Every structure is written in C-alpha cells, then in structure tokens.
Novice: 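The structure is given below, and queries will be raised subsequently.
Here the structure is a predicted model, which is why all the values come from computation and not from measurement. Computation of the quantities below employed the complete heavy-atom set of this structure, encompassing side-chain atoms and omitting hydrogens, waters and symmetry-equivalent molecules.
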Amino acid sequence: MCGLSAYFSSRSDAGPVDEATTAAFAAALQSMRHRGPDDTQLEYGDGYALGFNRLAIIDREHSVQPLRYADRWSVVFNGEIYNYRELRADLIREHNATFATEGDTEVLAAAFHYWGEAALPRLRGMFAFVAYDHRTGTVHAARDAFGIKPLYLLETADGLWLASERKALDRFAAPAGGALDLDSVSHYLTYQYVPDPRTLHRHIRRLPPGHRLVWTPGGGVREHRWFRPSLRPLRLQPEVAHQAIQDALRASVRKHLHAEVPVGTFLSSGVDSSAITALAAEARPGIHAFTAGFAADGYSEIEIAEDTARQLGVPLTPTVVTDEQVLAELPRIVELLDDPVADPSLIPLYFLARTASRYVTVVLSGEGSDELFGGYTIYREPLSLAGVDRLPRGVKRGLKQLAHVLPEGVKGRSFLERGTTPIEQRYYGNARIFDPAEKARIMRFTAEPHTAVTSRLYAETADVDEVASMQYVDLHTWLPGDILVKADRMSMAHSLELRVPFLDQQVYAAAAGLSTELKLPAGSRTTKAALREAMRGVVPESVRDRAKLGFPTPTRLWLRGVIGDWVDHLLATSQTGHLLDLDYARGLLAEHRAGTADRSRKVWTVAMFCLWHAINVERSITVARPENHLTAH
C-alpha cells in the first residue's frame, strides 16, 4: 500500500525534466508521505518523472519502486496482487520470464509486458498502477475492478500528471477556487460525495474503477473499460449458492492474510466484519481485532464486538472517540479526503485506524459486502412497493396527485410518493441528502441534475429487476465514491493497509448470480440472506442475523452540543456565500438544535463543504503535515 506519482511531458523530444518541475514534483510526493513512510524514491528521465512512497508489506527488502523490468518498463504500483505467486509461475511456464525480486510489483510488470491489457482480468487484488514504456514513450495506467485504490489524472499543455491523491496534483493545476466544478458541488449536495470520475477541481479527475488508459505525447488520453460488474440471476440451488459463497470468501480471506508484517481485522457488530474475523481466525488463531465506538448511548458497538471476539477467541482492542477528539482532528480528516465526503462514519474509522496502526500494518475489513449481497434495507423498497407498481398507469397518476396534496408527515404520503415514482427518479444512491427542490433552495448556481450520474447506469440494467439495478447504481457510485474513499484515506492517514476480501473476483462471482429471492426473501425483513446462511457455523449465531450498524456516529447529538457551536461559527464565517445560502443552512441547524426536526445529515454535508473550502480555497484553516525526506536516483 503506497502512494504513486508520475509526470510525462507532452513533447516527444523532451529532454531531462527541469529543476523547477523536479522540485514541485518532489513536494507533491511529500504531500502523500503518510501513504508510504518506509521508503521514498524518485526517478527522472528525458520527459518523465516517477515517484513512490512505499509501505513495505511483501518482499520488503528488494521490491523497491519505481521498478524497472525487461530493460523496457518503469512501473509504480499501489496495491496488492494476491495471486502473484500463481501468476509468476504462469509467466515462467508460458514465457520463460525471469525475476530479480520475490514481490508482486515485478510480477505485475512482467504480466503487462507479456500479456498486455489481457493481464488485467487475471490480477486478483487491488491496484492502481502506471507503466511507462521507454521504447515507445507510451504510458499505460489502470485501476482495479471496484475502485479500491485511487488514481487521479490531470492533463495540461505541459503533459500528463497522475497520482494516488488529488492533493499531489493541485499545484500543477489552476487554483482550486478558480477551477471549482459547480456540477460536482451540486452532486456532492445530493450524494454526500463527488461521484467518479469528477472531483471538485474542474481539471482533475479520477480514472474510473475497472478502467485503463493509454497516453502518448500529442495523442492525449484514451480510456477503455476492462471490467463491468454484472448482477444477472442464475438458476442456483440455495445450498449450492451458500457453499460457493463460503468457499470463495474463505479462500479470499486466506489470500488477503499474506504479508510479511502483522495483520489484524476490523470488527463491528454485523455479519460482514464478523465473517472476515472468523475466517481469518481459522487461518491465524488469535488474530488481533479492533473496534470503535462513542460514549453516547446507542452509538457504540464495542460491547457486541467484545462478545463476538470472545466467542471467536481473538483479542480485541477498542477505541472510544470523544467529542474533543472529533473537533481536534476534523480539519486533518477533511484535508486527507481531497474532496469532502460527508459520511460521518469515516470519523470513527479514522480513530480506529490510528489505534490499529500501533499494533499491525495490515487490517482486513468488510467493505463491499452490502453492495454485492444486498445488505442495505433500502433494497427491500421495490418489494414493498410492488403492489402499487402493478396498478394501471391512470390509477398511479391519481395516487401521485393525492400524495402531493396530503400534508407532509401524514401517514402514507411518503409510501404513495415512492410507489408512484419510477425507480430512475426515486433511487439515486444509498445517501440522498438534498432533493432537487431543496437544492434549488440552498444553491446560488445552476447545475446539471443528479440523474446525469445515474441515467447511464439504469440504461445498462434495463433487463434486470429493480433490486439488482439499485445494487448496480451503488456499485458504481456509493461504493467507489464513499465507502472505498473513506477506507483508503482513513487507513492511509496512519500508514495502515486496509484490505477488503469481499471485493475479490471469486467472491464477486459467487454473488453475481444470486436471485433477489436468495438475497432478500419475500415476507422477511432480512437483508443479504444468502451471505448470512453461508456463514452458518462460521460466525456466532448471536451475530449471524444481527442488523447492520457499521460504527454508528452520533451526528445528531454532536450538532446539539459543542460541535454544533463550532459548526454554527463555521457557517457564519464561511466564504462560500456566493455558492450556498448559508442563512438557510444556519436555519436548518437552528431547527435541529431546537429539536423540531432532524436536519443532521443536511447540516453536516454543508459544514464539511465549508470546512473543505476553508482549507483548500480560503486558506483560512491550515493543516500541518509531517516532515519527511526524499531520495532521488
């Protein structure tokens, strides 16, 4: 797990990179030093620069990056290839490939050298890499199937820049305030994050999950999609499906445990993290688990996690987060994110990762399970609305009109509204903060509608049921834009590698063919039923059917206390008034603090944007970064 950066001149006859560029490039790499504190290397050549901050996990002494291969390639690679030993054997057998190291980076380079783009589907792991072909001057880059590892890119008149974090590219682009992407701001207010491939900077974007790019001087970037998740039900016998899930997840966990450093797990109260911890403990009895919670009643999973850990026979280290710690670390957390993510659960994750990093270098976590196996309660909505959906169009039009005239809060109004609204308009992701009418009230600018993000995704799932469509939307938006961003940034903040065994090729294959009935049985309130059944006998029965909590965060309580005072001051002094109606936002906060309505998610979303703006545009809040040293060769 590491941080990479790369620069390639747009001039085909470019000479050595000039002194000013090398200095700026080194400073950019320095901004990501937390991603790899074990070693930092810089490589400069005619028309290019490569940089790498390394967190050494496998072949710690020899797999230094940037890595040269076959006297042709220079490679920088962030991530892990869990089947690199098998691939190495295949490359030796098929191509008589030779290797100078025992690590996965050289295997990745050799795979790309011999197999080209056909190597990508064979890689079982998480990755973002850049490979420079010295013979042709061509740049190749790719991102893993689900977007576990990030990769940002910037094209300018000078050339192409790539990095693991956006902050490393900011200095080479136009000032953040002058290049603010208003469509992205609008999407942020809807989704609580900025969906791929955009960022809040108009000129910097992300390579989408499951994509690769090719770039040549003067030829620009050409992107190609190499993987598209597909959830198409197959005729599976339940017992066969359950066994396939258990076998795939067990094999994935064992692969993800491979490391030359201490490995632990994150453990909350639900079946996902319990399954990962239980299967890890099978292979490594006594593996160290970590959990987090808050002192407020109802906002801690520590007791449940302690009970689970006792039943599994693993040690557990809890972390209790205080309001004072939240206030002290919020600017650092937002600065680490590059673009704001208003998901408050990233806060306990930050402190959880900080604690874990004192004991281990790698942790296994349960991200991705809900999207693959149908774990969110909202996925049951199409089943509950099926009766309304089957009504004739004329009847539905009448019910929709009735819903509009009923006073807000009247029982049944929301049900009628949702039941008479097409799925494409009704569901646009797991987090839905400001609806279009509310955005028209708070935004002082116009922007494209939120459906610009999801319309293509619904078009691609026109042949599956609404539950599968909802999962597909989340796999392409919520998972890479929120879940995996916070997992990467909050763990990397403490130089901790977070691995996600659910987002594995074989586990995905076991989930992709599940029918809706196997995931969400009719007449039941259970979610991800197939996974729960697959974990029978693996996780304690007290956990197997427990509802998901996922490190709950007391945002509602925060905003009524000292953190609410801080948020009110932030809104009152923010320089975002030309973008947002801050009086309206403060009114929402006042309603929340008075107890007349729960406005916590909306207020928190606005506050995190204002904090981001204060750090990145206004420069009124400064976040200190640790000092480190760089080595060039």
Side-chain angles (χ1 to χ4, degrees), residues 1-9 17 21-22 24-60 62-81 84 100-101 103-113 119-120 123 125-134 137-144 148-154 159-169 172 206-207 211-215 221 488 492 495 497 628 630-633:
M1 195 56 52
C2 312
L4 65 84
S5 59
Y7 162 69
F8 304 96
S9 173
V17 179
T21 301
T22 58
F25 188 79
L29 191 61
Q30 171 84 18
S31 71
M32 300 187 295
R33 193 69 170 92
H34 51 276
R35 297 189 71 90
D38 294 336
D39 183 43
T40 297
Q41 298 289 334
L42 294 160
E43 177 184 326
Y44 299 117
D46 288 347
Y48 78 94
L50 296 170
F52 197 71
N53 292 321
R54 187 182 182 207
L55 180 63
I57 304 293
I58 295 172
D59 192 26
R60 302 181 69 201
H62 303 110
S63 291
V64 177
Q65 296 188 49
L67 181 141
R68 288 286 190 113
Y69 188 78
D71 198 30
R72 176 176 180 179
W73 301 92
S74 284
V75 175
V76 282
F77 155 52
N78 169 28
E80 302 287 354
I81 306 301
Y84 75 96
T101 73
D104 57 348
T105 303
E106 191 175 21
V107 171
L108 169 66
F112 204 78
H113 175 69
L120 295 174
L123 303 177
M126 56 182 182
F127 57 84
F129 71 84
V130 179
Y132 178 56
D133 187 341
H134 290 272
T138 305
V139 177
H140 301 266
R143 194 174 175 203
D144 64 64
I148 306 168
K149 292 294 102 190
L151 188 61
Y152 291 81
L153 61 144
L154 166 69
L160 175 68
W161 307 81
L162 301 111
S164 294
E165 295 186 5
R166 204 203 73 192
K167 63 176 63 68
L169 303 182
F172 306 111
R206 286 173 285 198
L207 185 67
H211 280 66
R212 64 181 181 88
L213 69 79
V214 179
W215 181 90
V221 169
D488 174 80
M492 283 281 88
S495 305
E497 175 170 293
N628 292 289
L630 303 178
T631 302
H633 70 275

Novice: So how far is it from Met492 CE to Cys2 SG, rounded to the nearest 0.5 Å?
Specialist: 7.5 Å

Novice: Testing the basics here: between Glu43 and Ser74, what is the closest heavy-atom pair and its distance to 0.1 Å?
Specialist: OE2-OG, 3.1 Å

Novice: For Asn53 and Thr40, which I'm curious about, is there any donor-acceptor pair between the side chains at under 3.5 Å?
Specialist: yes

Novice: Could you go through the side-chain contact (heavy atoms from CB on, under 4.5 Å) check for Glu80 and Glu497 one step at a time?
Specialist: CA-CA 10 Å; Glu80 302 287 354; Glu497 175 170 293; 2.8 Å; yes

Novice: So which heavy atom on Leu169 is nearest to which on Leu154, and how close?
Specialist: O-CD2, 3.8 Å

Novice: Restricting to ring pair (Phe, Tyr, Trp, His ring centres under 6.0 Å), what partner residues turn up for Phe112, sequence neighbours left out?
Specialist: Trp73, Phe129, His140

Novice: Suppose we screen for side-chain contact (heavy atoms from CB on, under 4.5 Å). Which residues come up paired with Ala141, at least two apart in sequence or across chains?
Specialist: Val130, Leu151, Leu162, Leu213

Novice: Is a side-chain N or O of Arg33 found less than 3.5 angstrom from the main chain of Pro37, in a donor-acceptor match?
Specialist: yes

Novice: Walk me through it: do Trp215 and Leu153 pass the test side-chain contact (heavy atoms from CB on, under 4.5 Å)?
Specialist: CA-CA 11 Å; Trp215 181 90; Leu153 61 144; over 6 Å; no

Novice: Taking all non-hydrogen atoms of both residues into account, name the closest pair between Asn78 and Ser164 and its distance.
Specialist: ND2-OG, 3.9 Å

Novice: Measure the shortest side-chain to side-chain distance between Arg35 and Ser495 over non-hydrogen atoms and say whether it is less than 4.5 angstrom.
Specialist: no

Novice: Go through the structure and list residues passing side-chain contact (heavy atoms from CB on, under 4.5 Å) with Ala109, not counting sequence neighbours.
Specialist: Leu67, Tyr69, Val75

Novice: Looking at every heavy atom in both Tyr44 and Ala49, which two are closest together, and how far apart are they?
Specialist: CD2-CB, 3.5 Å

Novice: Partners of Thr22 by side chain to side chain donor-acceptor pair (under 3.5 Å), sequence neighbours excluded?
Specialist: none

Novice: Restricting to salt bridge (Lys or Arg N to Asp or Glu O under 4.0 Å), what partner residues turn up for Glu106, sequence neighbours left out?
Specialist: none

Novice: Test of understanding: with salt bridge (Lys or Arg N to Asp or Glu O under 4.0 Å), list the residues that count as partners of Asp38, not counting sequence neighbours.
Specialist: none

Novice: For Phe127 and Leu120, what are the C-alpha separation, side-chain angles and deciding distance, and is it a side-chain contact (heavy atoms from CB on, under 4.5 Å)?
Specialist: CA-CA 10 Å; Phe127 57 84; Leu120 295 174; 4.2 Å; yes

Novice: Check step by step if side-chain contact (heavy atoms from CB on, under 4.5 Å) holds for Leu42 and Leu50.
Specialist: CA-CA 6 Å; Leu42 294 160; Leu50 296 170; over 6 Å; no

Novice: Looking at Gly125 and Asp144, what are the two nearest heavy atoms and their distance?
Specialist: O-CB, 4.1 Å

Novice: Side-chain contact test, heavy atoms from C-beta onward, threshold under 4.5 Å: evaluate it for Asp488 versus Ile148 and give yes or no.
Specialist: no

Novice: Taking the side chain as C-beta and beyond, is there a heavy-atom pair between Arg143 and Met126 under 4.5 Å?
Specialist: no

Novice: From Lys149 NZ over to Leu207 CG, what is the distance, rounded to the nearest 0.5 angstrom?
Specialist: 15.0 Å

Novice: With Trp161, which residues qualify under ring pair (Phe, Tyr, Trp, His ring centres under 6.0 Å), at least two apart?
Specialist: Tyr7, Phe172

Novice: Excluding sequence neighbours, so at least two apart, what forms side chain to side chain donor-acceptor pair (under 3.5 Å) with Ser63?
Specialist: Asp59

Novice: Decide whether Thr105 and Gln65 meet the rule of one side-chain donor and one side-chain acceptor closer than 3.5 Å.
Specialist: yes

Novice: Under the ring pair (Phe, Tyr, Trp, His ring centres under 6.0 Å) test, which residues partner Tyr48, sequence neighbours left out?
Specialist: Tyr132, His134

Novice: Specify the closest pair of heavy atoms between Leu29 and Ser5, including all atoms of both residues, with the distance to one decimal.
Specialist: CD1-OG, 3.4 Å

Novice: With the side chain counted from C-beta on, respond yes when Arg206 and Pro150 share a heavy-atom pair under 4.5 Å apart, and no when they do not.
Specialist: no

